[in-house]
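Heads up: the structure comes next, in structure tokens.
If you read the sequence from its start, that first residue is 1, and numbering goes on from there.
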Amino acid sequence: MSAVLSDQEINASLAKLNAWARDGDELTKEFRFDNYLAGLAFASCVGVIAEGLNHHPDLAIGWRRVKVSFTTHDAGSKLTAKDLAAAAAIDAVGYPN
């Protein structure tokens with residue numbers, strides 16, 4: 001089981017990420033795109049990253065937007081280092097906010 005992060009650890013890590021936000025016990029970010037297909041391609045990229053990390057987010061795909069939400073289910077649906085590492089990996093791809 002993954003260790004649950006404290007509020008201080010979460011806040012310090014959020015400062016290092018690009019526009020991710022805490023929503024209760026989830027780490028979320030909404031990405032915007034010029035067209036629907038670009039959003040679908042991004043969602044597929046997120047899926048590949050998630051599979052490689054064995055840590056899978058919830059994805060909400062809409063018209064020209066994709067919302068990515070992470071929480072660690074085996075830690076009681078709380079935030080862990082897994083969530084922050086996955087967000088950082090997605091940021092490293094370089095998609096827009």
Qualifying ring pair (Phe, Tyr, Trp, His ring centres under 6.0 Å) pairs with a residue from residues 45-66, counting only residues at least two apart or across chains: His55-Phe70

Sequence neighbours excluded, every pair satisfying salt bridge (Lys or Arg N to Asp or Glu O under 4.0 Å) that has a member inside residues 5-20: Asp7-Arg22

Side chain proximity check, Leu79 to Leu27, heavy atoms < 4.5 angstrom: yes

Test item: Arg64 side-chain N/O and Phe33 main-chain N/O as donor-acceptor pair under 3.5 Å: yes

Those residues that, when tested against Thr72, pass side-chain hydrogen bond (donor to acceptor under 3.5 Å, both in side chains) (two or more places apart): Thr80, Asp83

Side chain to side chain contact (heavy atoms under 4.5 Å, CB included) involving Ala89 - partner list, sequence neighbours excluded: Ile49, Leu53

Distance-minimising heavy-atom pair for Ala43 and Ile61: CB-CD1, 3.7 Å

Pairs involving residues 33-46, ordered by first then second residue, that meet side chain to side chain donor-acceptor pair (under 3.5 Å) (sequence neighbours left out): none

Under 3.5 Å donor-acceptor, Lys29 side chain and Ala87 backbone: no

Closest non-hydrogen atom pair between Ile90 and Phe42, with its separation: CG2-CZ, 3.9 Å

Same cluster (ILVMFWY, side-chain, under 4.5 Å), Val48 and Leu59: no

Cluster link Leu17 to Leu5, ILVMFWY, side chain under 4.5 Å: yes

Trp20 side chain near Leu84 side chain, heavy-atom distance below 4.5 Å: no

Nearest heavy atoms of Ala75 and Ser2, plus distance in Å: CB-O, 3.5 Å

Spacing of CG belonging to Asn18 relative to CG belonging to Asp91, to within rounding of 0.5 Å: 5.0 Å

Of all pairs that satisfy salt bridge (Lys or Arg N to Asp or Glu O under 4.0 Å), the ones with a partner from residues 67-82, not counting sequence neighbours: Asp25-Lys78, Asp74-Lys82

side-chain hydrogen bond (donor to acceptor under 3.5 Å, both in side chains) against Ser69, all qualifying residues, sequence neighbours excluded: none

